Protein chains: 2
Amino acid sequence: MTEATLRCCQNGGPPEDCMHCPLRSIALYGPAVDGKSDTLERVRSSGMVHGTRHIMVREGEIPRQVFTLFSGWAFQFHLLPDGRRQIFSFLLPGDFIGAEGLINLPANYSVQSLTRVQLCGFDAQELGRVFQENVELRERINEHFYDEVSVLTGRLIDVGRRTATERIVRLILEIEQRAKSRGLVSDQTIPFPLRQTHIADALGLTSVHVNRTINALRRAGHITFRRGSMVIENRMALQEIGGSSA
Amino acid sequence: MTEATLRCCQNGGPPEDCMHCPLRSIALYGPAVDGKSDTLERVRSSGMVHGTRHIMVREGEIPRQVFTLFSGWAFQFHLLPDGRRQIFSFLLPGDFIGAEGLINLPANYSVQSLTRVQLCGFDAQELGRVFQENVELRERINEHFYDEVSVLTGRLIDVGRRTATERIVRLILEIEQRAKSRGLVSDQTIPFPLRQTHIADALGLTSVHVNRTINALRRAGHITFRRGSMVIENRMALQEIGGSSA
DNA sequence: CGCTCTGTTGAGATTGCTCAAACCTAGTGG
DNA sequence: CCACTAGGTTTGAGCAATCTCAACAGAGCG
């Protein structure tokens with residue numbers, strides 16, 4: 001079902017040397033500051049590759065391994081006993097997975113890969129110790145959860161108080177924004193691996209309704225989709241619909 | 001509009017001495033552990049009383065004052081430009097207000113009193129310093145945001161993936177649970193100061209619909225409401241509807 | 001007594017859902 | 001290279017949950 005897990009990264013994977021990792025400046029542990037930044041390698045357990053639908057973190061369990069998503073997309077979610085699913089947020093390259101493991105608490109949600117992913121894995125305990133020893137890093141943990149609160153409140157406003165069209169437009173705009181900030185956008189083409197059912201489960205809608213709504217946006221000429229990516233044709237219109245921010 | 005703010009607590013207010021505060025063991029800064037627990041008083045700026053609808057924290061601003069809610073209820077919310085409101089969660093006695101101020105970050109939401117409240121106020125900077133100096137307290141901050149994530153994900157599941165009845169029942173059960181844990185429940189009577197519009201704004205519904213749904217529960221004999229409080233008449237039935245947990 | 005806030009209720013409109021079938025596309029195995 | 005499959009998208013028809021608008025009633029307050 002899921003692509004076999006390879007133990008070592010090859011072509012285009014993360015470097016052995018965290019200090020020169022292209023993602024280093026975005027990562028939770030931040031840019032290599034002091035000379036002793038190689039503490040990271042000492043703690044890093046391995047790079048790995050997984051296919052779609054691989055579960056990296058299980059809700060309720062204390063993550064023993066934590067990860068930086070090096071390439072590919074993932075998402076955080078909860079599954080109800082009857083199969084209903086709520087997606088909390090999507091993870092892009094550079095995002096950290098399993099931060100609860102750093103402070104020894106059970107994960108608030110499961111995390112699953114949305115595409116093929118390359119991960120940099122660390123032992124949760126050990127990395128947690130590294131974080132505790134450094135003031136800057138300690139603060140990063142706070143900020144991580146703070147940021148998480150911030151995206152959750154945003155999503156809650158969407159789901160609780162905005163129409164389907166508003167929600168979808170805002171999700172699209174948000175993803176464009178985040179993809180841009182990671183340098184994933186070239187030539188106006190924004191990577192967009194989400195299936196309509198992911199959008200539905202993130203926004204509290206039905207995939208059927210998502211389909212109709214998106215097609216309306218498409219027919220209106222505001223946006224174009226192609227094989228895992230999208231192009232925003234009329235940003236003004238979209239911002240108008242989404243209410244810019246607030 | 002809002003009751004005048006008194007500078008000093010009188011009858012039944014918090015003691016001068018944080019060490020013997022009845023709420024001490026629930027509070028964010030935890031029970032008085034070591035002998036030097038009086039650091040708190042040194043940092044505490046004042047007790048105060050506010051009427052309904054007093055804004056304690058403004059979204060987007062870094063809280064300069066932080067509080068422990070000593071008595072009364074409050075809620076965290078966001079207001080859209082067009083007046084739509086999303087409530088994120090309700091605050092009970094013992095809850096901390098403005099934790100973002102401890103780490104010098106802007107508040108993710110506004111906080112407003114739902115009833116008359118008594119607050120223990122602290123200077124955010126100073127209390128933040130106290131927290132940083134102590135390992136246990138440092139961890140409390142993490143846990144605070146972690147908990148916040150946990151309630152937000154819970155609410156998001158409700159709003160995104162459950163029916164109106166399910167949501168309302170779960171909110172009621174959750175509030176009973178929390179009120180109980182703070183010793184606010186006596187004689188099966190659970191304090192319930194929320195107006196139907198608060199329920200609506202927390203659960204992504206209309207107050208009209210909340211009204212009809214609640215009345216159905218009432219007519220079914222599952223629950224009773226009276227002047228700011230409620231009694232659960234048939235817990236089994238409610239748990240059945242709410243899906244216990246998960 | 002006259003407000004204001006909240007809760008109630010009715011009637012009708014809508015958004016978004018359910019069910020179901022058809023269709024596409026990429027991947028798989030022969 | 002083709003048939004087949006699995007996962008996703010699209011579309012239609014009908015329905016249900018929830019909303020909107022509006023009016024009224026009851027409680028508490030100055």
Side-chain angles (χ1 to χ4, degrees), chain A residues 1-4 51-54 73 75 80 82-87 112-116 158-169 171 192-219 223-230 241, chain B residues 1-4 51-53 80 82-87 112-116 158-169 192-219 223-230 241:
Chain A
M1 187 118 290
T2 82
E3 188 178 305
T52 315
R53 273 177 250 198
H54 182 264
W73 295 47
F75 61 94
L80 291 179
D82 63 6
R84 286 178 284 185
R85 176 175 71 172
Q86 177 66 44
I87 291 180
Q112 184 175 96
S113 58
L114 180 54
T115 66
R116 176 176 180 275
D158 279 353
V159 177
R161 283 289 173 245
R162 290 196 240 250
T163 68
T165 312
E166 289 175 320
R167 297 179 213 182
I168 290 176
V169 166
L171 178 62
F192 195 84
L194 321 202
R195 310 273 124 204
Q196 296 183 348
T197 117
H198 295 118
I199 302 179
D201 286 347
L203 301 181
L205 299 168
T206 276
S207 69
V208 172
H209 194 62
V210 166
N211 181 276
R212 296 196 225 267
T213 309
I214 281 188
N215 283 345
L217 292 170
R218 200 140 59 175
R219 285 194 207 99
I223 194 167
T224 318
F225 287 89
R226 274 197 307 280
R227 338 200 81 273
S229 66
M230 64 178 178
I241 295 171
Chain B
M1 188 117 291
T2 84
E3 187 179 304
T52 315
R53 271 177 253 198
L80 292 180
D82 64 5
R84 286 177 285 185
R85 176 175 71 171
Q86 177 65 45
I87 291 180
Q112 185 176 95
S113 58
L114 180 54
T115 67
R116 176 173 178 278
D158 280 353
V159 178
R161 283 287 173 248
R162 289 197 239 249
T163 68
T165 311
E166 289 175 320
R167 296 178 214 182
I168 290 176
V169 166
F192 195 83
L194 321 202
R195 312 272 122 205
Q196 295 183 349
T197 117
H198 294 119
I199 303 179
D201 286 348
L203 301 181
L205 299 169
T206 278
S207 69
V208 171
H209 193 61
V210 167
N211 181 277
R212 296 196 225 267
T213 309
I214 281 189
N215 283 345
L217 291 171
R218 201 144 54 179
R219 285 192 207 102
I223 194 166
T224 319
F225 287 89
R226 276 197 306 279
R227 338 200 80 274
S229 66
M230 64 177 178
I241 295 171

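Chain naming here is simple, since letters A, B, ... match the order of the sequence lines and numbering starts at 1 in each. For clarity, every value in this text was computed on a predicted model and none was experimentally measured.
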#### Entry: N/O (side chain, B/Arg218) to phosphate O (OP1/OP2, C/dT8) under 4.0 Å
yes
### Task
Verify, without hydrogens or angle tests, whether A/Thr115 (side chain) and A/Trp73 (backbone) share a donor-acceptor contact under 3.5 angstrom.
yes
### Whole-Å distance separating the CD atom of A/Glu166 from the P atom of C/dT15
12 Å
### Message
By nearest atom, which of the nucleotides C/dG16, C/dC5, D/dT18 is closest to the A/Leu205 side chain?
### Response
C/dG16
### Message
Does A/Arg219 reach a base, just sugar-phosphate, or nothing at all? Heavy atoms under 4.0 Å.
### Response
sugar-phosphate
### Query
Given atom CZ of A/Arg162 and atom P of C/dG16, what is their separation to the nearest angstrom?
14 Å
### Task
Starting at atom CD1 of A/Ile199, determine the distance to atom P of D/dG8, rounded to an integer number of angstrom.
13 Å
### Task
Mind telling me whether B/Phe225 and B/Phe192 have parallel, tilted or perpendicular rings, with 30° and 60° as the class edges?
perpendicular
### Message
Measuring from the side chain of B/Arg212 (C-beta onward, heavy atoms only), which nucleotide among D/dC19, C/dG7, C/dC5 has the closest atom?
### Response
D/dC19
### Test side chain to side chain contact (heavy atoms under 4.5 Å, CB included) applied to A/Leu203 and A/Val210, step by step
CA-CA 9 Å; A/Leu203 301 181; A/Val210 166; 6.0 Å; no
### Query
Going by atom types only, do A/Asn215 and A/Arg218 share a side-chain donor-acceptor pair under 3.5 Å?
yes
### Query
Using a cut-off of less than 4.0 Å, is there contact between a side-chain N or O of A/Thr213 and OP1 or OP2 of C/dG16?
no
### Query
Hey, does the side chain of B/Asn211 come within less than 4.0 Å of C/dT8's phosphate (OP1/OP2), counting only N and O?
yes
### Query
For A/Val208 and B/Thr197, take the nucleotide of DNA chain C holding the closest heavy atom to each; which residue's nucleotide lies nearer the 5' end?
B/Thr197
### Message
Rounded to whole Å, how long is the line connecting atom CZ of A/Phe225 with atom C1' of C/dT25?
### Response
18 Å
### Summary
Here the distance between atom P of C/dC17 and atom CG of A/Leu203, to the nearest Å, is 11 Å
### Query
Where the side chain of A/Thr163 is concerned, which of D/dC19, C/dG16, C/dG7 is the nearest nucleotide?
C/dG16
#### Entry: 5'-most by nearest nucleotide on DNA chain D - B/Ala164 or A/Ile214
A/Ile214
### Query
Base, sugar-phosphate, or nothing: which does A/Gly228 touch, judged by heavy atoms less than 4.0 Å apart?
nothing
### Query
What's the NE2-C1' distance between B/His209 and D/dC21, to the nearest Å?
17 Å
### Message
Tell me whether the side-chain N/O atoms of B/Asn215 come closer than 4.0 Å to OP1 or OP2 in C/dT9.
### Response
yes
### Sugar-phosphate only, base, or nothing, as touched by A/Arg84 at under 4.0 Å among non-hydrogen atoms
nothing
### Query
So A/Leu114 and A/Leu194, side chain to side chain contact (heavy atoms under 4.5 Å, CB included) or not? Walk me through it.
CA-CA 7 Å; A/Leu114 180 54; A/Leu194 321 202; 3.3 Å; yes
### Task
Please report, rounded to the nearest Å, how far the P atom of C/dG16 is from the CG atom of A/Asp158.
13 Å
### Query
Is any side-chain nitrogen or oxygen of B/Gln196 closer than 4.0 Å to OP1 or OP2 of C/dT8?
yes
